[in-house]
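Whatever order the structure lists ligands and atoms in, that order sets their numbers, starting from 1. Quantities reported herein were computed from a predicted structural model and do not represent experimental measurements.
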Amino acid sequence: MNLLDDFAKRAKKYIDERGDQPVYPGASAIEKLRYLDTPLQEDSIDASAILALLDDYGSPATVKSSGGRYFGFVTGSSLEAAMAAKLMATVWDQNGALSVMSPVASLLEEVSSNWLVSLLGLPKNTVTSFVTGATMANFTSLAAARHALLKNQGWDVQSKGLFNAPEITVIAGDELHVSLMKALSMVGFGRDRIIRVPVDEQGRMIANKIPVIHGPTIVCAQSGNVNSGAFDPLEEICDRVKNDNVWVHVDGAFGLWAAASPEKKYLMKGIELADSWGTDAHKWLNVPYDCGFAFVKDKQVLFEAMSATAAYLPEISMREPFQYVPEMSRQARGIAVWAALKALGKKGLAAMIEKNCRQAKRFAEGLQDAGFLILNEVELNQVLVNFGDSETTNNIIKKIQQDGTCWCGGTTWHGKAAMRISVSSYATTDEDVERSLQAMISIAKEN
Ligand SMILES: *Cc1c(COP(=O)(O)O)cnc(C)c1O
């Protein structure tokens with residue numbers, strides 16, 4: 001089929017050249033997207049002409065976040081093996097709902113789940129729910145928590161709903177991520193009911209400030225603050241709050257991966273004491289969008305919370321993927337995850353995490369040596385740098401973004417404007433770091 005040859009050629013060119021392009025597309029490339037915005041014509045168009053349109057106008061307008069010099073948000077690239085596996089899965093077009101619809105999807109989800117649980121040091125019987133990202137991972141975990149705690153009170157939330165149910169207290173650190181707030185609101189807990197615990201200067205929950213707990217309670221801890229990269233003290237938190245009526249959930253959208261690194265796993269001390277954990281694969285595992293995991297210690301609870309009917313499909317020979325997730329028909333996400341883990345191996349995964357942490361330290365040192373203020377303790381992959389007052393800092397961020405050597409976003413930390421550098425990509429080389437540092441420093445000094 002010529003289409004696939006054409007596709008392969010275009011894809012290769014994109015990947016080969018992405019490092020030479022400005023990381024953020026120029027205004028004219030974005031302007032030209034208008035050629036894709038036409039009234040829908042009457043007649044069909046040949047597939048290769050469609051591919052050409054996408055490549056001619058779409059490719060130049062992409063953000064080169066899969067390359068080595070994108071440090072915005074917390075954005076991973078996609079490992080070659082994961083990208084190829086995802087393309088293969090697209091060719092296969094498997095429905096990842098039932099094993100009978102796709103034995104390969106079911107098997108690879110189960111195998112990757114077992115690998116992940118062991119890599120991260122989670123309790124032995126923990127199961128994995130393959131979802132779109134950390135927001136849905138948090139949502140899925142919280143639905144399991146809600147079900148378990150109410151079941152303990154003799155209330156079946158799946159059939160009776162939340163109206164008139166026993167109350168569940170929800171506790172989270174004051175630095176909880178907005179998406180966790182969204183997940184809590186979607187499972188019916190309400191943003192304004194969340195009891196927020198004070199945090200220290202890095203954004204870590206202060207365990208002894210957690211109020212005394214009565215009745216069913218969910219405590220949401222965070223591993224990896226989106227700004228500072230800091231970790232809540234999980235062991236202390238669990239020691240303080242755990243009992244049969246308390247469920248501890250960990251939002252570890254990127255930070256959970258520290259558990260896979262011998263150098264960094266001290267940050268996740270106590271990880272095994274929690275009940276559920278949410279993380280992303282499209283962030284630090286460098287799997288293509290979209291992919292995340294909810295890990296739940298109690299399989300039965302997850303099954304009941306996600307059940308379509310009162311009866312479950314027995315998993316005698318194969319996993320039935322839809323029983324672990326909110327969806328029915330769905331992308332076969334385990335395929336790219338399996339490929340990423342298989343390609344990296346245990347050492348390769350640890351090396352990727354540790355390399356990015358080292359590169360973050362180098363950014364912090366380089367900027368500090370040039371006279372700029374680093375606002376956080378750089379223990380992981382996140383760096384917050386301040387260039388002066390808010391106006392100056394925001395101006396410099398804008399110029400760095402326009403320069404195109406690299407891309408970083410802005411944020412606010414303790415009332416100070418800051419540029420946030422997040423190093424989360426296998427594709428980032430030490431040379432990318434030096435080149436980006438040079439661009440940042442010369443732009444900031446020129447200002
Ligand atoms: C990115 C992030 C999320 C949300 O993840 P999505 O993949 O965008 O849904 C949640 N929590 C933290 C700490 C994050 O960094």
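Judged by distance alone, the side chains of Asn227 and Arg420 do bring a donor and an acceptor atom under 3.5 Å apart.
Relative orientation of the Phe293 and Phe130 rings is perpendicular, given thresholds of 30° and 60° on the angle between their planes.
Listed by number with element, the atoms of ligand 1 under 4.0 angstrom from any heavy atom of Phe254 are 15 (O).
In terms of protein heavy-atom proximity, atom 10 (C) of ligand 1 is nearest to Ser179 OG, 2.9 Å. Of the protein's non-hydrogen atoms, Lys283 NZ, 2.3 Å is the one closest to atom 2 (C) of ligand 1. Distance from atom 11 (N) of ligand 1 to its nearest protein heavy atom, with residue and atom name: Asp251 OD2, 2.8 Å. Of the protein's non-hydrogen atoms, the one nearest atom 8 (O) of ligand 1 is Thr135 OG1, 4.2 Å.
The closest donor-acceptor contact from the side chain of Asp55 to the backbone of Arg10 lies at 3.5 Å or more, if one exists at all. In this structure, Ser185 contributes its side chain and Lys182 its backbone to a donor-acceptor pair below 3.5 Å.
Inclusion of Asp280 in the set of residues having an N or O under 3.5 Å from an N or O of ligand 1 is warranted. At a 3.5 angstrom cut-off on N or O pairs, Gly224 does not count as close to ligand 1.
Gln382 pairs with exactly one of Val74, Ile421, Asn225 by the side chain to side chain contact (heavy atoms under 4.5 Å, CB included) rule, that one being Val74.
More than 12 heavy atoms of other residues, nucleotides or ligands shown are found within 6.0 angstrom of NZ on Lys355.
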